[in-house]
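Sharing a structure, written as structure tokens. Questions coming.
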Amino acid sequence: MASPPQPPPMTNAFALTPHKVSVCLLLQTYALPAQTTPPFPFSSVSQHNRLGLYLLALTKSYDDILEPKLEELLNQLKEISGSLGHWLIDHLTSRLSSLSAPDDLFSFFTEMRGILGGLDSVVMEDNQVILDPNSNLGLFLRRCILTFNLLSFEGLCHLLTNIGSYCKEAMSSCMPYETRLLDESSNDLETLSEYENMDLENFMFGKVNEEIEARKQASERVPFHLHGPKALSGLVEDIEVVADPSSKHGDKCGETSAYVHPPGNELRDVDPYGEIFLRTNWQVQGYLMEQADAIEKHDSSFSLNSFELVLRQIKKLAPELHRVHFLRYLNSLYHDDYFAALDNLHRYFDYSAGAEGFDSAPSSSGSNSSGRYEIGLIYLGMMHLHFGHPKQALQVLTEAVRFSQQQSNESCLAYTLAAICNVLSEFGCSSSAGVLGTSFSPITSMDTSLSVGQQLFVLLRESLKRAESLKLKRLVASNHLALAKFDLLHVQRPLLSFGPKASMKLRTFPINVCKELRLCSHLISEFGSESSTMTTDGVFSTTWLNNLPKSMDSPLLPQENAHRNNCDAHRFFTQLSSVPKSVLQLLGSSYIMRSTAWEMYGSAPLARINSLVYATCFADASSSSDAASVHAKLIQHLAVFRGYKEAFAALKVAEEKFLTVSKSVILLLKLQLLHECALHRGNLKLAQQVCDELGVLASSVSGVDKDLKTEASLRHARTLLAANQFSQAAAVAHSLFCMCYKFNMQVQNATVLLLLAEIHKKSGNAVLGLPYALASLSFCQSFNLDLLKASATLTLAELWLSLGSNHAKRALTLIHGALPMILGHGGLELQARAQITEAKCYLSDPSYSVFEDSEVVLDLLRQASDELQVLEYHELAAEAFYLMAHVFDKLGQLERREEAAASFKEHMMALENPQDEDDPLLNML
């Protein structure tokens with residue numbers, strides 16, 4: 001990436017438009033109600049305050065890039081309240097029609113100086129409101145007055161022409177008395193055009209730079225966004241926006257989809273009456289921030305082409321807004337367009353770079369260009385990570401480390417380390433030692449002989465240390481979350497060993513995981529008094545205007561709609577939050593991590609509770625991918641504990657909510673449920689089709705995803721096992737074990753070893769299966785995988801039992817040790833397996849007599865058969881009914897024996913003759 005040139009000077013500054021003149025007229029009404037003609041009697045203080053709030057919202061909202069037309073303005077005035085709205089419409093249209101000559105505008109803006117406070121303020125009249133010059137409305141008025149003073153005569157006539165066109169455009173929708181007033185204004189258009197065509201010196205009327213009148217404010221800059229991929233905090237470009245230090249700061253809140261170029265807002269490329277006007281830079285920046293949030297929230301479901309039209313119009317009206325390239329980059333990134341994303345990322349950093357607004361401590365070099373190149377490298381590396389290119393990502397991020405060290409840019413260095421940790425955590429990169437060794441030795445004195453896991457641990461600690469020293473709070477929380485994930489998946493071992501006799505306890509520590517997650521959650525308390533990067537003015541104003549009919553006083557609303565509007569008002573006020581959305585996303589991620597941890601540790605209720613907390617409290621701030629992941633966890637819980645019927649019903653709802661695209665969580669969940677259900681029903685043809693679909697998703701053509709590859713191989717091996725192709729299943733499982741060992745995926749290794757034990761058990765080689773079951777138990781103990789440990793113990797008991805009746809008591813002892821975990825946290829299938837195996841242990845034990853205590857066995861088999869019928873697991877259900885018939889035969893209960901035998905026959909026929917063509921599951925593929 002070439003060194004970016006200096007950005008061109010800003011040309012799209014504050015311009016005086018008909019809309020701004022309308023706002024000034026309303027400001028005059030707000031400040032001098034007694035001088036209006038006729039004098040307007042405000043019936044209450046709340047009415048007066050409501051008008052002020054509405055004017056503030058007009059100057060701060062960013063729900064669109066273009067200024068509203070007069071028709072839209074009049075419609076909003078109607079919604080303020082009954083008599084007030086109609087009077088304001090009448091007053092505004094009459095005043096606009098009276099501005100027919102340059103002298104009228106000069107007199108009007110001369111009068112407007114009187115409502116500004118200051119040392120030369122005139123004596124106040126009754127009911128007069130003096131605007132603070134440094135307030136939002138005061139600054140707006142000062143900028144309008146200053147811009148008017150800089151207008152040339154041609155510019156002044158052009159403004160009058162635009163005002164006439166602005167009024168004429170709204171004629172068709174105005175009330176009769178408004179139309180009469182507007183007719184007078186339209187008659188003057190010809191005269192105004194004559195003024196414009198006067199043969200005077202041809203020069204552009206001056207435009208006012210936004211920073212001129214804002215220098216007296218605080219010098220704090222408002223950055224563009226906080227939309228770095230996962231570990232980063234924001235970039236801005238060359239336009240500064242000055243924030244009011246007295247105002248409260250907050251990030252975006254509420255549903256971003258409400259601000260995503262709604263379908264009703266058609267692009268006004270052609271205006272038959274006059275020009276179109278872009279809103280202020282502050283409002284356009286706020287609009288782009290909301291769109292960036294919406295892109296990250298909705299991922300590929302965000303409309304690509306329609307938003308591209310909006311960006312094209314912004315680029316046409318304001319070519320100096322280079323952040324349009326960044327929005328195009330985000331849009332291309334989440335629509336998996338690699339070349340477009342790469343091109344727009346280069347364009348953005350070539351034109352503007354990210355020198356402003358980066359959530360960082362100032363660089364010691366003090367250069368204005370410092371940070372641009374390395375920030376661009378960080379984004380380029382994270383883009384490669386998004387597209388599944390880990391080696392390219394590491395190469396780019398290694399260059400970012402080198403350059404950050406040269407520039408002494410500690411903040412970029414901390415973010416780069418966090419990004420590299422993300423790459424190592426997601427992809428492993430077994431060959432990364434050579435890549436990282438030389439570049440990172442000055443930072444961490446890292447030995448190249450360390451494993452990838454040890455390198456990751458060292459880098460995580462180094463990144464956390466730097467983030468804490470630089471007080472980068474979001475990065476600190478992100479590092480705590482990464483450390484929690486590391487502690488969850490890696491055993492703790494010393495970085496240096498002292499020979500083979502050194503004692504080493506290879507175990508994970510759940511208490512460390514909980515500690516890191518708690519430290520991540522403490523982030524929310526850090527933002528109680530901290531100013532965020534975007535003021536809440538724009539968020540509140542936009543939300544207030546969008547909810548204008550719902551925010552009125554209840555006495556003015558019909559009684560039958562009172563309850564509905566109260567609910568809407570409650571929803572409106574609960575949308576606003578002082579906590580930045582990026583912080584809420586991090587907190588939500590901590591609850592997803594909690595749910596994942598409890599799934600691994602084996603506590604299904606706690607995993608479900610944390611998923612529900614996320615879905616309830618963080619749904620508005622979450623991205624669609626995270627929300628889909630939580631929905632997938634809850635649907636999996638339904639499938640395991642309630643059966644596939646309820647799971648598929650919930651899946652249908654989730655598919656309607658989340659767009660099913662390639663590699664989406666919902667699509668993967670759908671294939672997993674279909675595969676499990678097909679295996680249980682004995683439909684091996686459908687199971688193989690699902691495996692083929694998973695193989696396509698796991699293809700390296702569209703990027704490397706180890707988890708997908710692992711899932712596809714596991715499903716393939718289980719399909720081969722169900723088809724009694726034991727040698728092929730064992731070969732696939734062995735290959736998968738080697739891959740997991742290579743990339744240090746130890747938790748997956750425990751599952752693969754258990755699968756190998758089941759393959760040997762089903763093939764009749766119980767002796768060969770024992771070492772695999774014991775190895776899986778060892779992994780489960782090291783990683784505290786309690787539920788998987790109970791499943792491995794059950795498989796070990798089944799292996800001992802298959803060796804002969806002499807081992808029945810040993811198998812029964814193993815089962816009884818695992819039953820509390822299985823019955824408390826296991827699903828229907830695991831519980832049924834345990835009950836059938838326990839019944840077989842009793843029946844195989846020579847000391848057990850069916851005649852003395854038959855109900856023990858029968859109760860176990862009845863419960864197992866009920867659970868398996870819910871799952872439609874024909875093979876195990878047939879085994880349960882076979883054992884039940886065998887017990888009834890010994891007891892001489894022939895009628896019950898025949899019922900059990902009939903059920904056994906029914907399940908065996910369903911297993912041997914699956915509905916390959918008529919299976920309704922085929923329609924779900």
Side-chain angles (χ1 to χ4, degrees), residues 226-233 251-253 293 296-297 359 414-415 417-419 421-422 425-426 456-457 460-461 463-464 467-468 471-490 508-528 530 532 577-634 636-637 665 707 747 783-784:
L226 292 172
H227 301 283
K230 304 233 179 160
L232 302 178
S233 174
D251 212 331
K252 299 152 297 290
C253 58
D293 270 343
E296 293 187 343
K297 178 178 177 64
D359 186 14
Y415 280 106
L417 291 178
C421 292
N422 195 13
S425 177
E426 293 291 332
L456 176 58
F457 179 75
L460 281 172
R461 288 296 180 187
S463 178
L464 178 61
E468 288 177 340
K471 297 182 179 181
L472 304 176
K473 297 177 182 179
R474 292 175 179 83
L475 187 58
V476 170
S478 179
N479 282 328
H480 281 303
L481 198 60
L483 281 170
K485 182 178 179 181
F486 180 87
D487 290 334
L488 182 66
L489 300 176
H490 296 81
T508 60
F509 294 94
I511 190 66
N512 290 347
V513 177
C514 295
K515 175 185 175 183
E516 297 295 342
L517 289 174
R518 280 183 172 272
L519 290 174
C520 177
S521 299
H522 288 167
L523 175 68
I524 193 170
S525 63
E526 300 292 336
F527 285 85
E530 178 180 302
S532 65
S577 172
S578 60
V579 181
K581 186 172 294 183
S582 58
V583 176
L584 292 177
Q585 289 175 347
L586 273 173
L587 293 176
S589 298
S590 70
Y591 278 92
I592 296 179
M593 181 62 67
R594 282 185 173 94
S595 179
T596 303
W598 287 118
E599 282 179 359
M600 290 181 57
Y601 293 149
S603 179
L606 288 175
R608 180 172 176 268
I609 286 173
N610 282 281
S611 296
L612 289 174
V613 168
Y614 179 89
T616 304
C617 301
F618 300 98
D620 291 339
S622 65
S623 65
S624 59
S625 59
D626 287 343
S629 176
V630 170
H631 278 73
K633 290 178 181 293
L634 294 173
Q636 284 176 332
H637 186 274
V665 179
D707 293 331
V747 176
F783 290 91
N784 296 283

Handout entry: Residues that S521 engages under side chain to side chain donor-acceptor pair (under 3.5 Å), provided they are two or more places apart
Key = R594

Problem - Set of ring pair (Phe, Tyr, Trp, His ring centres under 6.0 Å) partners for Y601, sequence neighbours left out - result: none

Problem - S590 side-chain N/O to L587 backbone N/O, donor-acceptor pair under 3.5 Å - result: yes

Handout entry: Qualifying residues under side chain to side chain donor-acceptor pair (under 3.5 Å), relative to T596, sequence neighbours excluded
Key = K633

Practice task
Under the salt bridge (charged side-chain N to carboxylate O under 4.0 Å, His left out) rule, what do E426 and K485 come out as? Steps first, then yes or no, please.
Solution key: CA-CA 11 Å; E426 293 291 332; K485 182 178 179 181; 3.3 Å; yes

Problem - Heavy-atom side-chain proximity of R461 to L464 below 4.5 angstrom - result: yes

Exercise for the section: Taking all non-hydrogen atoms of both residues into account, name the closest pair between V747 and F783 and its distance. Expected result: CG2-CD2, 4.1 Å

Side-chain donor-acceptor pairs under 3.5 Å in residues 608-616, sequence neighbours left out?
unit_1: N610; atom_1: ND2; unit_2: L606; atom_2: O; d: 2.8
unit_1: S611; atom_1: OG; unit_2: S595; atom_2: OG; d: 2.7
unit_1: S611; atom_1: OG; unit_2: A607; atom_2: O; d: 3.1
unit_1: T616; atom_1: OG1; unit_2: L612; atom_2: O; d: 2.7

Fill in the blank from the handout: Separation between OH (Y591) and SG (C520), nearest 0.5 Å, reads 10.0 Å

Handout entry: Flag, side chain of N512 to backbone of A484, donor-acceptor distance under 3.5 Å
Key = no

Completion exercise
By side-chain contact (heavy atoms from CB on, under 4.5 Å), A482 pairs with (sequence neighbours left out) L460

Handout entry: Shortest non-hydrogen separation from V665 to S625 and the atoms involved
Key = CG2-O, 4.5 Å

Fill in the blank from the handout: When every non-hydrogen atom of R474 is compared with those of L586, the smallest separation belongs to O-CD1, 3.5 Å

Handout entry: Reported OG-to-OH distance for the pair S478 and Y415, which is rounded to 0.5 angstrom
Key = 9.0 Å

Fill in the blank from the handout: Contacts of H480 meeting side chain to side chain donor-acceptor pair (under 3.5 Å) (sequence neighbours excluded), chain-then-number -> E516

Problem - Heavy-atom pair of closest approach, residues V513 and L488 - result: CG2-N, 3.7 Å

Problem - Exam field: side chain S425 to backbone N422, donor-acceptor pair closer than 3.5 Å - result: no

Handout entry: Any side-chain heavy-atom pair of T508 and D487 under 4.5 Å
Key = no

Problem - Nearest heavy-atom neighbours spanning A418 and L475 - result: CB-CD1, 3.6 Å

Handout entry: Value rounded to 0.5 Å, distance of CD in E468 from NZ in K473
Key = 12.5 Å

